[in-house]
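Down below is the structure, laid out as structure tokens.
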Amino acid sequence: AIYHTNGDHILLGTNGSVEILLTQKNNTTSLQSVRGHSGSIYDMAISPKGNLVVTGGDDHFVYLYKFENNQLTDPSFSGRFESSVYTVSFSFDGSLLAYAGGDGIIRIQSSQDSQNVRVIKGHHSGYIKTVAFDPKRQYLASAGEDGRLNIFDYVHNDE
């Protein structure tokens, strides 16, 4: 579960669906549930402007949703892996998203048109647990099952 940037909504990844909950004091109300994945959602992220939501799951897919007028659109396909997707992340300006999973590959793509920007391979043995962009828009960090932290300069293609 993650809070939306507006502070009034919680987005909850359930078994294949994203649910929007309105929070008011000690009360939560379900507003919408949108199905995308065919299995469990492992990770989700909200863009800094709050207009996009990305999810990754055990069905090997990444889905991108638009968040408008307190509602999610039906998901658009964003990418497919050969294995489960464990982590998703937006860049600090929301223009890029990164996702990774059980195959040890990190994909970076445009959040606007889903075009691949970069594919980073072979830097972890085992699955990748998390990816994160730095606020200076140059580096991407990843941590894997192997216990290693890797930092990549995705702007200059240095690995």
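Not measured: the values here are computed from a predicted model. All values below were derived from every heavy atom in this structure, side-chain atoms included, with hydrogens, water molecules and symmetry-related copies excluded.
- Note: His37 and Phe61 fail the aromatic proximity criterion, with ring centroids not under 6.0 Å apart.
- A cation-pi arrangement, defined by a distance under 6.0 Å to the six-membered ring centre and an angle within 45 degrees of its axis, is present between Arg107 and Phe81.
- Proximity of a side-chain donor or acceptor of Asn116 to a complementary backbone N or O of Arg118 within less than 3.5 Å is not detected.
- Glu19 and Ser30 form a side-chain donor-acceptor contact under 3.5 Å, judged by distance and modelled atom types alone.
- Nearest heavy atom pair, residue Pro48 against residue Ser91, reads CG-O, 3.5 Å.
- Side-chain contact between Tyr99 and Ile108 is absent, with no heavy atoms from C-beta onward closer than 4.5 Å.
- A continuous path of ILVMFWY side-chain contacts below 4.5 Å connects Leu22 to Ile20, so both sit in one hydrophobic cluster.
- Annotation: the span from Phe133 atom CZ to Ser89 atom OG amounts to 6.0 Å, rounded to 0.5 Å.
- Applying the side chain to side chain contact (heavy atoms under 4.5 Å, CB included) criterion to Asn15, with sequence neighbours excluded, gives Ser40.
- Under the side chain to side chain contact (heavy atoms under 4.5 Å, CB included) criterion, Glu68 pairs with Lys66, Thr73, not counting sequence neighbours.
- Across all non-hydrogen atoms, the minimal contact from Ser111 to Phe90 is CB-CE2, 4.0 Å.
- Pairs passing the salt bridge (charged side-chain N to carboxylate O under 4.0 Å, His left out) check and including a residue from residues 48-58, sequence neighbours excluded, do not occur.
- Residues Leu12 and Phe67 fall into different hydrophobic clusters, defined by Ile, Leu, Val, Met, Phe, Trp and Tyr side chains chained together at heavy-atom separations under 4.5 Å.
- Contact between Gly16 and Arg35 at its shortest, heavy atoms only, is CA-NH1, 3.4 Å.
- Not counting sequence neighbours, the partners of Ile10 by the side chain to side chain contact (heavy atoms under 4.5 Å, CB included) test are Ala1, Tyr3, Leu21, Thr23.
- Distance alone, capped at 3.5 Å, places no donor-acceptor pair between the His4 side chain and the Leu11 backbone.
- Scored by the side chain to side chain contact (heavy atoms under 4.5 Å, CB included) test, Gln71 finds Gln32 as partners (sequence neighbours excluded).
- Residue Val88 is tested with Leu64, Val131, Leu97, Val54 for a side chain to side chain contact (heavy atoms under 4.5 Å, CB included); the sole match is Val54.
- Closest approach of Ile128 and Tyr86 over heavy atoms only: O-CB, 3.6 Å.
- Interatomic distance, CG of Asp59 versus OH of Tyr42, reported as 9.5 Å (0.5 Å rounding).
- Judged as a salt bridge (Lys or Arg N to Asp or Glu O under 4.0 Å), and not counting sequence neighbours, the contacts of Asp93 are Arg137.
- Atom CG of Asn26 sits in a sparse spot, with 12 or fewer heavy atoms from other residues, nucleotides or ligands closer than 6.0 Å.
- Nearest heavy-atom pair, Val117 versus Ser110, reported as atom, atom and distance to 0.1 Å: CG2-N, 3.8 Å.
- The distance from atom CD of Gln112 to atom CG of Leu96, rounded to the nearest 0.5 Å, is 9.5 Å.
- Nearest heavy-atom pair, Ser125 versus Asp146, reported as atom, atom and distance to 0.1 Å: N-OD2, 3.0 Å.
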